[in-house]
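This report concerns only the one structure given below.
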Amino acid sequence: MTTPPPAVQFLATDGTFAPSAGSDEYLPYIEALSDAQHEQFYRDMFVIRRFDTECTNLQRQGQMALWPPSHGQEAAQVGSARATRAQDHIFPSYREHVVAKIRGVDLMGIVGLMRGTTLGGWDVNDPKNGNFHGYTLVLGTQTLHATGYAMGVNFDGAVGTGNPDTDTAVVVYFGDGSTSEGDVNEAMVFAASYQTPTVFFLQNNQWAISVPVATQSRVPLYLRPRGFGIPSVQVDGNDVLASYAVSAKHLDDARNGLGPSYIEAMTYRIGAHTTSDDPTRYQTDEQLAHWVARDPILRFETFLKNKGASEAFFADVEQEAADFAADIRRRTLELPNPTIDNLFDHVYSEPHPLITEQKAWLANYEASFGGDK
Amino acid sequence: MTTPPPAVQFLATDGTFAPSAGSDEYLPYIEALSDAQHEQFYRDMFVIRRFDTECTNLQRQGQMALWPPSHGQEAAQVGSARATRAQDHIFPSYREHVVAKIRGVDLMGIVGLMRGTTLGGWDVNDPKNGNFHGYTLVLGTQTLHATGYAMGVNFDGAVGTGNPDTDTAVVVYFGDGSTSEGDVNEAMVFAASYQTPTVFFLQNNQWAISVPVATQSRVPLYLRPRGFGIPSVQVDGNDVLASYAVSAKHLDDARNGLGPSYIEAMTYRIGAHTTSDDPTRYQTDEQLAHWVARDPILRFETFLKNKGASEAFFADVEQEAADFAADIRRRTLELPNPTIDNLFDHVYSEPHPLITEQKAWLANYEASFGGDK
Amino acid sequence: MAVEELPLAKAINAGLRKAMRDNDKVLLMGEDIGTLGGVFRVTEGIKAEFGDTRVLDTPLAESGIVGTAIGLALRGYRPVCEIQFDGFVYPAFNQITTQLAKLTNRGRGTLRMPVVIRIPYGAHIGAIEHHMESPEAYFAHTAGLRVVSPSTPNDAYWMIQESIESNDPVIFFEPKSRYWPKGPVELDASASPLHASRVARTGTDATLVGHGAMVTMMLQAAELAATEGVSLEVIDLRSLSPVDYTPILDSVTKTGRLVVCQEAAGFVSVGSEIAATVAERAFYSLQAPVIRVSGFDVPMPAPRIENLYLPDVDRILEAVDRSLAF
Amino acid sequence: MAVEELPLAKAINAGLRKAMRDNDKVLLMGEDIGTLGGVFRVTEGIKAEFGDTRVLDTPLAESGIVGTAIGLALRGYRPVCEIQFDGFVYPAFNQITTQLAKLTNRGRGTLRMPVVIRIPYGAHIGAIEHHMESPEAYFAHTAGLRVVSPSTPNDAYWMIQESIESNDPVIFFEPKSRYWPKGPVELDASASPLHASRVARTGTDATLVGHGAMVTMMLQAAELAATEGVSLEVIDLRSLSPVDYTPILDSVTKTGRLVVCQEAAGFVSVGSEIAATVAERAFYSLQAPVIRVSGFDVPMPAPRIENLYLPDVDRILEAVDRSLAF
Ligand SMILES: Cc1ncc(C[n+]2csc(CCOP(=O)(O)OP(=O)(O)O)c2C)c(N)n1
Ligand SMILES: Cc1ncc(C[n+]2csc(CCOP(=O)(O)OP(=O)(O)O)c2C)c(N)n1
Ligand SMILES: [Mg+2]
Ligand SMILES: [Mg+2]
């Protein structure tokens, strides 16, 4: 095996602009970015980290069943999400909080899921939710849904027409652990076979809970899709510019009818898998220190400061983050518990005698306690 | 993508010895072959084809539920099977009749399966059956069994000791269609992760029933394992010498502790998928003619004749094939139907009250008809 | 009213074509269903009529088939998946139980999952392992799925169309031993609701219920019993989830005796459910215990002894005798 | 006799270690079971004791785990697989039903499949979707598998060892809400057969049967009923396949009334099977229909309403009342 090319990178870990060898084809996307877009990237990352902290605290205080933080993975997520266009569709895993936010989803939807008040959270068919599909927690299953969706996009003729506002790409997020699931591989088979406009976006955060990525693969994961006939690239996932540019390019390719592609974003989950996890059991201090030094937000902050972003800007972002988190906290505490309807009403979309009967039984039974059991 | 190297080949389609570019590393295995081994290869292929014809006839005459012929794939199978050593283990798909025969299995075991008198057929733990495991008809599942078995071989320390009589390799057979199943991909993940002595032997016979291999992959299938960190090679599966040499080399590597590898044998299923199939619905005359011209047995016959094999030899093989087929026919017609015991006795290996009860009930019930229902 | 004599397989074919003509979001997907027309030829000729974006010869991966069908449904399509044989549905089981069955509920009314999964099932065809199974129980137990099985060409024609029209996922079990015999199909009748069962024969002494290929056997049993003066009522379940209990309970109220018939292994099965529910709800009507006639709790055996495994007319009558003798 | 107070999770840990010490062919495999000790810490410390060829932190692929376990069993190993949560067993369903469950039969007595699949199951822990399910029915319906579930630390300690000793595949359902409470474990007692049930409390007016976490609730219900003068007998099933019917039928002969309790959705479930069989075999003893208390036939809901879904002491008592009033 020849030495793999370096991951695409535009920002060195110290925040200086230093495109990696082989990144030329992505450069135009970087050059087209405005200062406002740069600041938006930063804002996205900063606010979501504060949100993550708030949700973790809420969980510690018994207000959530669980919280899966995205701490450390913000650049991979923001870069890819900001590269999508309105008509694109997103199939997330369960950690893409900022992608949801960027697409327009009220994050209370995710809070509801993790607090345990709902199994859903938002309506993907409501245009304000930016085609951000529901979370499915069974690892890898969403890669097939995304691929099937993209097959439909193809059948609808919504790729390769040259119309940038209707040609549609489909992005699917998944983790390094999930790559081992049969479904992810079958998704690549179907995507290649039907030449779907799917962009497989792998966040390699080095861990599947406690299991290191080396257990899933002894060669870099971005090589895997090539054996399925799917082109791929590895990107520094802690470099928001690289994540953006690489995503933008591959999304364009997908919309232009060039078929599926695969992006491996190298990143790191700083902190726990979820609030149920104790990473000190498997992660070394050195590993953590290594990656903390590559923090995606700090890196981009330095870049922006070097470019002369104002103190006022940073103060404003800080304030927005605080407000956002406070708002989430307030609304979380106000979230009502679901009712009996919630148990029965949407299991089927058409009448179902057994459900009708059981709903009536339970309502009756609950009423027998005077309604305040 | 660079142009793929040619498949490893030693015999040109006209039977002349003409090693392909890049086949050097396999040449020593060819050079070590004796005339007797050459003749054995031919005998294996010839006899099994006659067997296949006999079984197809038996099916047509209502004596078998089904027959899956191996016609056209004899060289891929014989070459790989003859490359195994006594201690190796074989996990077949359902078409590897000659592999079974070479390993010592009485082919009446397979006949019993396809006639429908048994779900099993032979005892893999009986040394005379050469570690040839049972058929499982659920595509792809056997690749995980083979990999798990090979994990056990590793844990037992039965690889890489340098002892050619105990270091053990595990071969698993599967088809081009099956490569799309999640299980086959998961098997590669586990094999790579545990560096098992597994040789994945893909017979790409160009079809999954009526579906062409292009539906499963748009790039050559031997590229797939590379993304899992498993080295691979493509071989002309209709060239018994190439199939033998490539298999021998990769089996040696596996026994020597070098981990898994993957062989794609390019071949063709001449004739029907099974006796239930009608290939004229999906196969063109040109395709068929193309591959008939590459018939593995004819090619090797020419080679042997060029090398001066005697008329007597060919006559002897002809006779052996006829005798073998006649014996199979006779014994097939004699195969008794299974009894009630067969239904119940091995569902569990330890007593089970429900089974005991149901067996007694049925025996009683059948007896109520005077035993001749 | 146009009535045509069709085998069940061709009735499904006709129903599929009708649904595809009526709604261009309906598409078929599966292994070998296009060029070959399926190993049972149920989809024969449909690809020629509708082309390869309506009839997909997919890669060989059942989880992939159902998983991408879910994605297609999210895009507004109404995919009809074929699983080649009963024994090969399990690789898709995760997508079916954790995704297909649950997405409507997860979506809280915002999503629809109009996916049909056609599964040729059952025995009586002398085929080898994994080709003659009756896995209904797994799907009937799964909340969020509807499970149906036609027993006649007419039902097959209508039920496949109703299944495609349903906005819920439907597991459609086709009794493969009934693919070939012909029966009348009323091409312009209107359909009865998908979950309604059907009284296939009226009688007074005992009730038989079952579905799929078992219906033919129950009718044969009733015919034979009649010659001995025993009058059996036969109910074709048609839907296994939900079960339409009203006609069954009505019948048992009348006859006082019930025999539940199925090819599937009996332990924790649809038959168990029906027996338990009828025993509960018709407690005072039952003059004998509900008797179940099922496959044994063993793997489907080699075809040369499938007859030892399978419930048949004799076993049904033996159960009726036990019931009547109680 | 050495008795130690242990939580159920630690009792399993102790049982696993004992089995691994007694037989070096026993090995553990699963996601996060090694370094982390499993997400419930059931395997905590075992990798440190036995090393990484006895305790495998596998790649993230459930079909891979069970499929390679089958291969290891063919090589003479006795693998104990952990599925991280009930809701994640389905990717392995094909390997479990078509291979693991059937290989012994396919081998006609020449093969053994001593594979244990440990599945933390059930609710009462306030967890999100797929983490609180009760999928017993799928496995109980599958011929060739044994399905068991301990309800106490002592049973957990012994049953895991018996399961590992069994030459048949065993699906081992661990009631995760019972992982933490302690109970006495008799370290040198001898085990009762794996398929035997256990009378957990004797009584005369009605019988409750159930398994896993439901046993605690049935005992609480019996305690409460006793204060009102109603005497309930409680039977801990322990084995769901096969079901040990003798103690249940003996009990029903005595009490004339049966309530079957389970967290799982009721339709086509283990509860259906027991209700059907008891209604058949105890036809003349039953003074009331068998009543089933189950989860509703809906997906396990969001945890903030798990209590609406789950059978609890009140619902058990309500069923007992109905039975007694009949
Ligand atoms: C099919 C399935 N198996 C197991 C789990 C339990 N589980 C949840 S997250 C996780 C690790 C996932 O790792 P990765 O795919 O790398 O994603 P990450 O959490 O790192 O984002 C596991 C094992 C699951 N949710 N689904
Ligand atoms: C899981 C599963 N799905 C479907 C089938 C039905 N089936 C039997 S053989 C076959 C085609 C197999 O093609 P390939 O893997 O290329 O093997 P070949 O028959 O060409 O040797 C199919 C679809 C099966 N046996 N198992
Ligand atoms: Mg990860
Ligand atoms: Mg093939």
Side-chain angles (χ1 to χ4, degrees), chain A residues 64-66 94 112-120 135-141 175-184 208-212 215-217 273 276-279 281-282 335-340 342-348 352 354-355 358-359 361-362 365-366 368-369 373, chain D residues 30-41 44 47 52 56-65 67 84-85 87-92 94-95 125-132 265-267 294-310 312 314-315 318-319 321:
Chain A
M64 303 252 194
L66 189 80
Y94 48 77
L113 269 176
M114 298 299 166
R115 179 177 171 86
T117 55
T118 179
L119 300 173
Y135 280 13
T136 101
L137 301 171
V138 186
L139 296 170
T141 53
D176 47 302
S178 308
T179 60
S180 294
E181 289 283 3
D183 272 8
V184 177
I209 311 186
S210 69
V211 180
T215 300
Q216 321 292 344
S217 187
H273 169 70
S276 303
D277 182 36
D278 174 7
R281 285 178 174 250
Y282 51 83
L335 266 187
N337 273 357
T339 60
I340 286 184
N342 219 287
L343 209 50
F344 298 103
D345 284 3
H346 302 295
V347 179
Y348 295 90
H352 188 286
L354 187 61
I355 300 291
Q358 293 186 349
K359 182 176 178 184
W361 184 90
L362 182 59
Y365 171 78
E366 291 288 312
S368 73
F369 292 90
K373 192 200 159 191
Chain D
E31 296 158 7
D32 303 294
I33 64 163
T35 308
L36 189 65
V39 294
F40 290 106
R41 308 292 185 264
E44 183 155 26
K47 181 171 157 190
D52 65 4
L56 315 185
D57 266 327
T58 63
L60 207 170
E62 290 77 11
S63 191
I65 292 169
Q84 197 162 83
F85 282 90
F88 306 136
V89 66
Y90 304 105
N94 184 39
Q95 285 286 351
I125 63 160
I128 62 173
E129 199 182 0
H130 306 292
H131 294 72
M132 300 208 292
F267 193 75
S294 310
F296 297 105
D297 291 294
V298 304
M300 183 72 206
R304 292 260 163 177
I305 43 169
E306 61 165 316
N307 63 320
L308 276 181
Y309 174 87
L310 289 169
D312 59 8
D314 285 338
R315 273 198 220 162
E318 188 271 347
D321 285 349

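All figures in this text were calculated on a predicted structure; none of them were measured in a lab. Side chains included, hydrogens not; waters and symmetry mates left out as well; all remaining heavy atoms used.
- Only the backbone of A/L113 comes within contact range of chain D, with heavy atoms under 4.5 Å apart.
- Between the OH atom in A/Y282 and the CG atom in D/L36 there is a gap of 7.0 Å [rounded to 0.5 Å].
- Pairing each heavy atom of D/A302 with each of A/L119, the nearest pair is N-CD2, 3.6 Å.
- For the set A/D278, A/T339, A/L343, the entry with the most heavy-atom pairs within less than 4.5 Å of chain D is A/L343.
- A/L362 has its side chain within reach of D/R315: a pair of non-hydrogen atoms, C-beta onward, lies under 4.5 Å apart.
- In this structure, the side chain of D/D32 engages the main chain of A/S210 through a donor-acceptor pair within 3.5 Å.
- The aromatic rings of D/F296 and A/W361 are tilted relative to each other, their planes meeting at an angle between 30° and 60°.
- Here the closest non-hydrogen pair linking D/F88 and A/L137 is CE2-O, 3.8 Å.
- Annotation: the span from A/Q216 atom CD to D/T58 atom OG1 amounts to 8.0 Å, rounded to 0.5 Å.
- Looking at A/T136 and D/E129, their side chains never come closer than 4.5 Å, going by heavy atoms from C-beta outward.
- Of all heavy-atom pairs spanning A/I209 and D/V39, the tightest one is CD1-CG1, 4.2 Å.
- A/N337 CG to D/I305 CD1: the interatomic distance, rounded to the nearest 0.5 Å, is 8.5 Å.
- Using a 4.5 Å cut-off between heavy atoms, D/E306 makes no contact with chain A at all.
- The shortest non-hydrogen separation linking D/G126 to A/A65 is O-CB, 3.3 Å.
- For the pair A/T215 and D/D57, the minimum side-chain heavy-atom distance is 4.5 Å or more.
- Scanning both residues, D/L60 and A/A208, for their nearest heavy atoms gives CD1-CB, 3.9 Å.
- Although no hydrogens or angles enter the test, the distance criterion places a donor-acceptor pair under 3.5 Å between the side chain of A/Q358 and the main chain of D/D297.
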